[in-house]
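In what follows, a structure is listed as structure tokens, so that the remarks can point back to it.
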Protein chains: 2
Amino acid sequence: MTDDSWQPPAILLTVDLVILTLKDSRLQILLVERGTEPFRGALALPGGFLHDAQEPIETAAKRELLEESGLDAETFHLEHLGVYGTPGRDPRGRVVSVAHLAITPRLPEPTAGTDAADAYWHPVDTILSSDVELAFDHHRILTDGVERARAKLEYSTLATAFCGPSFTLAELQQVYEAVWDVRLDPRNFYRKVQGTDGFVVPDGLTRKMETGRPARLFRPGPGKILHPAMIRTVESAATQGSTR
Amino acid sequence: MTDDSWQPPAILLTVDLVILTLKDSRLQILLVERGTEPFRGALALPGGFLHDAQEPIETAAKRELLEESGLDAETFHLEHLGVYGTPGRDPRGRVVSVAHLAITPRLPEPTAGTDAADAYWHPVDTILSSDVELAFDHHRILTDGVERARAKLEYSTLATAFCGPSFTLAELQQVYEAVWDVRLDPRNFYRKVQGTDGFVVPDGLTRKMETGRPARLFRPGPGKILHPAMIRTVESAATQGSTR
DNA sequence: GTAATAGTGTCTATGAGACAATATCCG
DNA sequence: CGGATATTGTCTCATAGACACTATTAC
């Protein structure tokens with residue numbers, strides 16, 4: 001079927017990162033402005049080629065995360081998102097991108113003094129609903145990443161990755177509300193989270209609020225899977241809001 | 001940071017397939033015996049290199065599926081599973097594999113007269129519990145694929161992909177029982193499936209059984225997401241069986 | 001005290017699971 | 001009719017969601 005002279009084609013491999021965080025109670029994504037062709041000047045996901053043929057893919061992803069956002073590798077959730085290799089997606093040739101999803105707690109402030117000084121947070125809904133063109137097929141990758149994050153909030157403890165090492169349940173609730181764009185009842189949310197094995201563990205401390213009773217602080221629990229799962233109501237926040 | 005002479009490294013890309021089906025009421029996987037080095041003689045997932053630099057990845061996956069199993073592309077569920085690119089996983093150099101998960105209905109009989117005449121179905125539990133060494137990191141890919149299938153039965157209509165174009169609910173139940181290794185109550189299963197929007201639609205016909213009342217036939221419904229989801233009890237079938 | 005937010009209790013509707021009962025085929 | 005399997009009905013328990021209520025801070 002294949003003659004002896006045939007050789008497998010060589011491919012260029014990139015990693016791209018969908019880096020999400022919660023900022024101003026909104027889901028936001030880190031985007032960089034491209035300084036080189038192709039798509040010079042356009043917004044793009046952080047990412048780049050493997051350094052060399054020996055570099056593991058996950059290492060490249062962590063490296064890009066650090067370079068482009070100045071974020072320390074250990075404080076992050078990082079997972080494989082998908083592969084985007086449609087011929088023609090990159091004018092430089094056959095470039096296959098391994099996309100990753102990263103979730104980070106809210107950070108001091110973006111990215112001054114790093115390699116990519118042009119990296120900034122953008123509200124996800126703004127990017128997705130506006131006419132802003134992202135480079136390559138990054139719009140699609142972003143959409144997939146956000147959908148992955150939404151889905152994983154249901155059945156995993158991913159939400160805690162949006163929070164710092166210690167957080168109140170109200171803060172955790174804000175993660176769900178921002179990512180899903182819904183409003184939740186704080187009282188039911190409280191009982192639900194507490195009643196789910198391994199989701200969060202109290203660390204004994206409390207945090208003073210500007211006003212009102214201080215809230216207990218929690219740390220991420222040992223569990224990774226929520227059992228039972230959080231239920232994502234199909235109804236949107238806009239609908240719920242207008243009904244009130 | 002990067003000097004002008006730097007060039008991104010070239011990579012070799014393969015696709016590998018975890019092809020699952022239901023045979024003899026057991027979850028089975030299609031494996032081939034490798035005819036060439038490396039790992040000559042070992043069992044491996046069907047797969048291979050991209051044909052050329054222009055071939056889309058999904059096309060390559062469908063091509064391998066057809067070549068190695070003789071299966072027509074349209075009757076299948078095929079989805080991206082993951083990327084396996086650890087340096088050293090392939091002695092031929094830096095080879096990155098894009099793994100896919102394929103689900104097929106039970107087939108006439110495997111693969112006589114095709115390219116890979118050495119492809120056969122193997123029970124998944126046998127492969128996973130035995131000392132059989134699969135080539136490369138295919139054991140890991142298989143594990144991930146099975147876990148993906150198990151998870152997706154919960155919240156998607158993937159189970160129908162194991163069935164033919166028309167099936168009884170008892171057959172659909174067997175899919176869950178085999179993949180999850182549990183026993184389900186046919187009566188509760190019946191109501192559950194019927195009550196879940198878009199899962200199955202009756203096609204009006206019935207199938208005669210060897211004995212007993214004929215069963216209504218159903219086709220896959222328009223829905224892809226189960227709402228509410230099927231619940232996978234943590235308890236194993238062995239435990240349940242001994243309790244009876 | 002009031003205001004504000006954290007956390008608890010209680011009721012109701014819905015769905016899962018156990019399992020009795022009925023329906024429809026074969027012989 | 002009896003035997004087997006499909007399909008329906010009913011009951012009980014667990015959990016989601018609505019929402020009244022109590023607790024603890026700042027002022």
Side-chain angles (χ1 to χ4, degrees), chain A residues 25 153-155 166-174 176-177 180 182-197 199-218 226-237 239-241 243-244, chain B residues 25 153-155 163 166-174 176-177 180 182-197 199-218 225-237 239-241 243-244:
Chain A
S25 296
L153 287 199
E154 290 192 67
Y155 59 88
S166 185
F167 50 87
T168 70
L169 295 197
E171 286 167 354
L172 189 64
Q173 181 182 338
Q174 283 181 25
Y176 280 90
E177 295 188 329
W180 283 353
V182 294
R183 301 299 153 243
L184 301 175
D185 185 306
R187 300 160 293 187
N188 291 336
F189 184 83
Y190 193 99
R191 266 189 301 99
K192 172 73 189 208
V193 171
Q194 291 262 277
T196 302
D197 247 23
F199 196 174
V200 299
V201 294
D203 71 357
L205 304 175
T206 57
R207 170 176 303 167
K208 285 205 181 72
M209 321 301 290
E210 306 80 19
T211 173
R213 174 176 175 175
R216 294 162 72 192
L217 287 172
F218 294 82
L226 292 192
H227 206 77
M230 282 277 167
I231 291 183
R232 168 163 52 158
T233 311
V234 189
E235 193 173 27
S236 80
T239 311
Q240 291 194 354
T243 323
R244 282 226 128 256
Chain B
S25 297
L153 286 199
E154 291 192 67
Y155 59 87
C163 301
S166 184
F167 49 87
T168 70
L169 295 197
E171 286 167 355
L172 189 64
Q173 179 182 340
Q174 283 182 24
Y176 279 91
E177 294 188 330
W180 283 354
V182 296
R183 300 298 154 244
L184 301 176
D185 184 304
R187 300 161 292 186
N188 292 336
F189 184 82
Y190 194 97
R191 267 188 299 96
K192 170 73 191 210
V193 172
Q194 290 260 278
T196 302
D197 247 24
F199 196 174
V200 299
V201 294
D203 71 358
L205 304 174
T206 58
R207 170 176 302 167
K208 287 204 181 72
M209 320 301 292
E210 305 80 20
T211 173
R213 173 178 177 174
R216 294 162 72 192
L217 287 173
F218 296 82
I225 303 295
L226 292 192
H227 205 79
M230 282 277 168
I231 290 183
R232 168 164 51 159
T233 311
V234 190
E235 192 174 26
S236 80
T239 310
Q240 291 193 351
T243 324
R244 285 218 133 260

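Below, read A as the first sequence line, B as the second, and so on, with proteins coming before strands; counting in each chain starts at 1. The figures that follow rest on heavy atoms only: side chains count, while hydrogens, waters and symmetry mates do not.
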* **Neighbour count >12 (heavy atoms, 6.0 Å) for atom CG, Asp197(A)** => no
* **Polar side-chain atom of Thr196(B) near backbone of Phe199(B) as donor-acceptor pair, under 3.5 Å** => no
* DNA chain C: Gly212(A) or Tyr190(A), which has the more 5' nearest nucleotide? -> Gly212(A)
* Separation of dA4(D) C1' from Lys208(B) NZ (nearest whole Å) -> 16 Å
* Structure fact -> When rounded to whole Å, the CG to P distance for the pair Asp185(A) and dT8(C) reads 14 Å
* Length of the line joining Asn188(B):CG and dT8(D):P, which is rounded to integer Å -> 13 Å
* Any donor and acceptor pair, going by atom type alone, linking the side chain of Gln173(B) with main-chain N or O of Phe189(B) inside 3.5 Å? -> no
* Which whole-number value in Å describes the distance from Arg207(A) CZ to dA6(C) C1'? -> 14 Å
* Pair of N/O donor and acceptor under 3.5 Å linking dA20(C) base with Arg187(B) side chain -> yes
* Asked: When the distance from CD of Gln174(A) to P of dA6(C) is rounded to whole Å, what number comes out?
  -> 9 Å
* Touch check for Pro228(A), heavy atoms < 4.0 angstrom, all strands: base, sugar-phosphate only, or nothing? -> sugar-phosphate
* If you find the nucleotide of DNA chain C closest to Thr211(B) and the one closest to Leu217(A), which residue's nucleotide is nearer the 5' end? -> Leu217(A)
* Structure fact -> Ile231(A) atom CD1 is separated from dG15(C) atom P, nearest whole Å, by 10 Å
* Between Pro214(A) and Phe218(B), just flag the one whose closest nucleotide in DNA chain D comes earlier from the 5' side. => Phe218(B)
* Find the distance Phe189(B):CZ to dG15(C):P and express it as a whole number of Å. => 17 Å
* **Parallel, tilted or perpendicular, as decided by the 30° and 60° cut-offs, for the rings of Tyr155(A) and Tyr155(B)** => parallel
* Pair Tyr190(A), Arg216(A): side-chain N/O donor-acceptor within cut-off below 3.5 Å -> yes
* Structure fact -> Taken to the nearest whole Å, CZ/Arg191(B) to C1'/dT7(D) is 10 Å
* Looking at every strand, decide which applies to Arg216(A) at a 4.0 Å heavy-atom threshold: base, sugar-phosphate, or nothing. => sugar-phosphate
